[in-house]
Amino acid sequence: MDLNKVMIIGRLTRDPEARTTPTGQSVCSFGVATNRVWTDNSGQKQERVEYHNMVAWGKLADICSQYLTKGRRGYFEGRLQTRDWEGQDGVKRYRTEVILDNMILLDGGAGRGGDFAKAASSSEPKVEEENAPSAEESKEEIKVEDLPF
């Protein structure tokens, strides 16, 4: 059995670019950056940034183009796909992209506050309501008698 699964948490490097194919299907592409920080053998702090090309199709593309903007932080889930083409100079080019299945916003937008979360899936969008109880409202005392074990 094979598996092609990608999970990325990062920030958008540019605003999404939304398009429509000649057949009428929505497509949205954007970039996401992920940072890795570590301490090397000499004790020096090191940092490396990776850039990822993301592509969403259909309903998920519509949601991404509506809610995502440069700098927003999100969770992105999908699969890797590499496509190739021949450039105008006759050189074969390659581009590896993450084809999205799911997206969750992890930060609030302007005027939304920090608890805003939005999830979307290409097959059936999932939305976490903004009016959901906050962390303080959902904190209830847990009684030992209520535990199922």
Side-chain angles (χ1 to χ4, degrees), residues 1-85 93-143 146-149:
M1 183 163 113
D2 299 326
L3 178 66
N4 182 354
K5 185 83 166 174
V6 177
M7 293 180 273
I8 292 175
I9 295 177
R11 293 195 180 274
L12 270 73
T13 59
R14 64 184 187 271
D15 286 336
E17 180 184 319
R19 302 176 305 283
T20 304
T21 65
T23 61
Q25 189 172 20
S26 298
V27 61
C28 180
S29 58
F30 53 94
V32 172
T34 54
N35 297 328
R36 178 175 172 248
V37 179
W38 74 96
T39 304
D40 64 16
N41 293 337
S42 64
Q44 296 294 317
K45 182 179 172 183
Q46 301 290 323
E47 182 174 1
R48 181 177 174 119
V49 179
E50 293 290 333
Y51 299 95
H52 313 278
N53 300 306
M54 312 298 238
V55 178
W57 291 88
K59 181 72 172 165
L60 184 57
D62 297 335
I63 293 169
C64 287
S65 65
Q66 184 178 359
Y67 290 101
L68 296 178
T69 55
K70 180 180 178 179
R72 298 236 19 210
R73 190 164 179 258
Y75 166 82
F76 306 95
E77 187 176 311
R79 61 184 165 81
L80 286 177
Q81 181 174 302
T82 303
R83 58 185 172 99
D84 60 74
W85 69 95
R93 312 246 186 233
Y94 297 90
R95 183 176 180 102
T96 300
E97 301 167 321
V98 177
I99 308 301
L100 293 177
D101 295 324
N102 191 29
M103 179 273 299
I104 301 172
L105 294 178
L106 297 178
D107 63 358
R112 293 197 184 265
D115 12 286
F116 173 75
K118 180 128 186 111
S121 170
S122 58
S123 59
E124 186 175 309
K126 296 176 268 179
V127 178
E128 188 174 311
E129 294 294 326
E130 286 187 65
N131 298 335
S134 68
E136 290 179 13
E137 292 172 343
S138 62
K139 286 183 184 176
E140 294 181 18
E141 186 177 334
I142 299 174
K143 298 178 184 165
D146 295 337
L147 295 176
F149 49 88

Where is the tightest heavy-atom contact between [X] and [Y], given as atom of each residue plus distance?
{"X": "Phe30", "Y": "Pro16", "answer": "CB-CA, 3.8 Å"}
{"X": "Asp101", "Y": "Gly78", "answer": "OD2-CA, 3.6 Å"}
{"X": "Asn53", "Y": "Thr96", "answer": "ND2-O, 3.4 Å"}
{"X": "Trp85", "Y": "Tyr94", "answer": "CZ3-C, 4.0 Å"}
{"X": "Glu77", "Y": "Lys5", "answer": "OE2-NZ, 2.7 Å"}
{"X": "Asn102", "Y": "Leu60", "answer": "N-CD2, 3.9 Å"}

As an exercise, state the distance from [atom1] of [X] to [atom2] of [Y], rounded to the nearest 0.5 Å.
{"X": "Thr82", "Y": "Arg95", "atom1": "OG1", "atom2": "CZ", "value": "11.0 Å"}
{"X": "Ile99", "Y": "Phe76", "atom1": "CD1", "atom2": "CZ", "value": "14.0 Å"}
{"X": "Leu12", "Y": "Arg72", "atom1": "CG", "atom2": "CZ", "value": "9.0 Å"}
{"X": "Asp15", "Y": "Lys70", "atom1": "CG", "atom2": "NZ", "value": "8.0 Å"}

Give the intermediate values and the outcome of side-chain contact (heavy atoms from CB on, under 4.5 Å) for residues Met54 and Ile8.
CA-CA 10 Å; Met54 312 298 238; Ile8 292 175; 4.2 Å; yes
Short side-chain donor-acceptor distance under 3.5 Å, Gln81 and Arg79
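Side-chain D/A pair, Arg79 to Gln81: present.
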What residues form a side-chain contact (heavy atoms from CB on, under 4.5 Å) with [X], not counting sequence neighbours?
{"X": "Arg11", "result": "Arg73, Asp107"}
{"X": "Arg19", "result": "Glu17, Val27, Ser29"}
{"X": "Thr20", "result": "none"}
{"X": "Ala18", "result": "Ser65"}

Under the salt bridge (Lys or Arg N to Asp or Glu O under 4.0 Å) definition, can you give me all pairs with a residue in residues 24-47, not counting sequence neighbours?
none
Check side-chain hydrogen bond (donor to acceptor under 3.5 Å, both in side chains) between Thr21 and all other residues, then give those that pass, not counting sequence neighbours.
Thr23
Determine, step by step, whether Val98 and Leu80 satisfy the side-chain contact (heavy atoms from CB on, under 4.5 Å) criterion, reporting the C-alpha distance in whole Å, the side-chain angles of both residues, the deciding distance to 0.1 Å, and the verdict.
CA-CA 5 Å; Val98 177; Leu80 286 177; 4.0 Å; yes
